[in-house]
Amino acid sequence: MNAPVKQVPMTAGFPPNPVLVKGDGAPLVYLHGLLGQEWGGFLDALAARRRVYAPAHAGSDEPDELRDLDSIHDLLLYYDDLFEKLGLAQIDLVGHSFGGMVAAEIAATYPGRVRKLVLIDPLGLWRDDAPVQDYLLVPNERRAALLLGDPARADVRAHLALPADPAEQVAALLHRISALASVSHFIWPVPERGLARRLHRVKAPTLIIWGEQDQLVPSLYAQEFAAKIAGATVETIAGAGHTPQFDQPERVAASVLKFL
Amino acid sequence: MKTIWFHLQGYRDLPDDFSKRYESVWVTPPNDELCDSRQVAKYLRWNVEELELADKLGFDGLGLNEHHQNGYGFPVSPNLIASILARQESDAAIVVLGNTLPLYNPPMRVAEEFALLDCLSGGRLVAGFPVGSPMDTVGCYGIPPTQVRPRYYEAHDLIKQAWTRPGPFPFNGKYTKLRYVNLWPKPLQKPHPPIWLAGGGSVETWKFATDNDYTYSYLSFQGHKYAKTLMQGYWDQVEKAGLDDNPYRAGFAQIVVVGATDAEAEKLYLKHIRNFYSKSLHVPEHMMAIPGFMSKKSVAFNLAKGAGGIRGAITDPYSASWKDFTETNKMVIGGSPEKVAGELEEAIRSLRIGHLMILLQIQSMDRELTEYNSRLFAEKVMPKIRGIWDQEGYVDHWWPQGATRHRQPLATQAKANAKARVAA
């Protein structure tokens, strides 16, 4: 399962963004989470009805690029530029995890750009009584459990399996390491940068999807988001973790498409 | 050849099953379970006494470093301890290796405190500028891994300017913006105290050392055999930069234990060596190799060559033998004074180093054993290695101007001291 890559040239010294593009229909942009850019059953299902654009998070191939992106504010300008280059005026925006945090920020900063917003287990808020867990200074097994699910599960193991070829293996590991580095640039050590103060500006109808067994961001955060975005609806996915679209791709895709 | 008595200032009594019960000695070992402030009160006094003893025993320098939230060594602010040493009348260097620049906000604090220490000590300060370990910077101080080096470089520029430019002047950095930089006082040494870099072998740091003509010290516990390849990488960079091969461009840390005989050394120290390697170096891979801390290039390099842990080749330090530590892997130099002197000279010449950061206090060793080890070394080993590099005529351009001890042979110094005592 994959999608063609469109190399979108960027300005200000940034290298092209390798946007995965597939499908026909109204534009939908998907912003990935902590596992880095990847295409799977969930995006394939969305692409059956929509034209899906799945960019790579800035700096996720070469973290050195982040030197010119100091904050979430710079990152929002980066995505605004990217949408411009893609010729996208108004979009439906789906963001997962860190991508969900960025999607919420985009919807709050550019309310006119986002027609409908879907947040899947987004980061961005913080409660002292239910802290978001650490994903960075943890063993690989623990990270797998937080982001995907029990590493003993065959599907989790298969998803994280490395290629046998040594060169490809190094490339795959670098991809994962760089993705984590590029995200941590913006959210380490606590993934909260004032989004709570800005969420009231979100005008787009919003669907909040949460894996009920999310070990990274407890599902009570769904209500936190819902309380701050007018008219938002929450859908909890039973039996799913931080990445419900990995656990139940068809189910989550159906919910998203129904909402859009 | 300069020998710097270096104190890690670790916690001396971690439980025997520490590394089985806890994930890491750094960042997360629960303080209330493991760290008794009453014990620390005692150990801090010992630490200072041991450093003062090293001064009296004639070591060329006294070494301190900075680390946070761990049992391996928690000299959280080396400047505090250094200020006690700076107060003593002495001609030994105070080697603060160093202040972890990315952790200071604004880094003016480092410029100020180092300047103060330099004045207080009579120009005996070495100003160490380490980047910091991933555990300290990312783990304990919450700096995003990708920002550690940029913050480091900017802090370095600010401190250098604060020391050398006439104040007041503005500084417009990314992380630090100051309208008025106007240091009171500037350091006693001109243009500034010698700047030493320290690291675990990152290519970027070697380059930074040669770009600025700084000396670089490789700090690891894997011993000189393992260090050979890494130090060769540094010397290759020195050559590439067109600089001379002066051994004082390089330093190295080494655990050394001396006994009256080889057998006595094993009897006295093996349990402390095992203790150190099994507990103090108990840091998991996910805290040492944090995504974004190293450049993509360095990560790719390490992945390709298959990087090892900081314990080196020893798989179970709890049960490793004296031979494992001192012969098979040569992580520790230990034995009779003759054996230690011979092996040290070999290491010094092989790595081509002018500054030896010698570790004679190893975590669980008590005050008495530390003194025994230090005395034996000072009396029986140091005289044998002190003259290394003298015949070749190398001059140490990275030694503090006020630290004049090394220019006098030990015997002369002792005589001078005796004379001073009689006069008093």
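Convention: sequence-line order gives letters A, B, ...; per-chain numbering from 1. Keep in mind that the numbers below use all heavy atoms, side chains included, and drop hydrogens, waters and symmetry copies. All values reported here derive from a predicted model rather than from experimental measurement.
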### Query
Does the side chain of A/S184 come within less than 4.5 Å of B/P144's, by heavy atoms?
no
Whatever's closer than 4.5 Å to a heavy atom in chain A on B/P284 counts as neither
The interface call for B/K174 against chain A, heavy-atom contacts under 4.5 Å, is side chain
Hey, mind stepping through A/L137 and B/T28 against side-chain contact (heavy atoms from CB on, under 4.5 Å) and telling me if it holds? CA-CA 10 Å; A/L137 266 65; B/T28 55; over 6 Å; no
With a 4.5 Å cut-off on heavy-atom pairs, point out which of [options] contacts chain B the most.
options	value
A/I187, A/L173, A/L66, A/D70	A/D70
A/L174, A/N140, A/V170	A/L174
A/L180, A/D64, A/L136	A/L136

Turns out that what part of A/S178 lies under 4.5 Å from chain B's heavy atoms comes down to side chain
Do other residues, nucleotides or ligands put more than 12 heavy atoms under 6.0 Å from [X] [atom1]?
X	atom1	result
A/D74	CG	yes
A/E141	CD	no
B/R109	CZ	no

**Prompt:** Hey, is B/K296 close enough to A/D61 for a salt bridge, meaning N to O under 4.0 Å?
**Reply:** yes
Quiz prompt | Heavy-atom donor-acceptor pair, A/W188 side chain to B/P145 backbone, under 3.5 Å | solution = no
What one should report as the nearest heavy-atom pair of B/P291 and A/A181 is C-CB, 3.7 Å
Looking only at heavy atoms, the pair that brings A/I177 and B/G292 closest together is CG2-N, 4.5 Å
Side chain to side chain donor-acceptor pair (under 3.5 Å) test vs B/T146 passes for just one of A/H185, A/E65, A/R67, namely A/H185
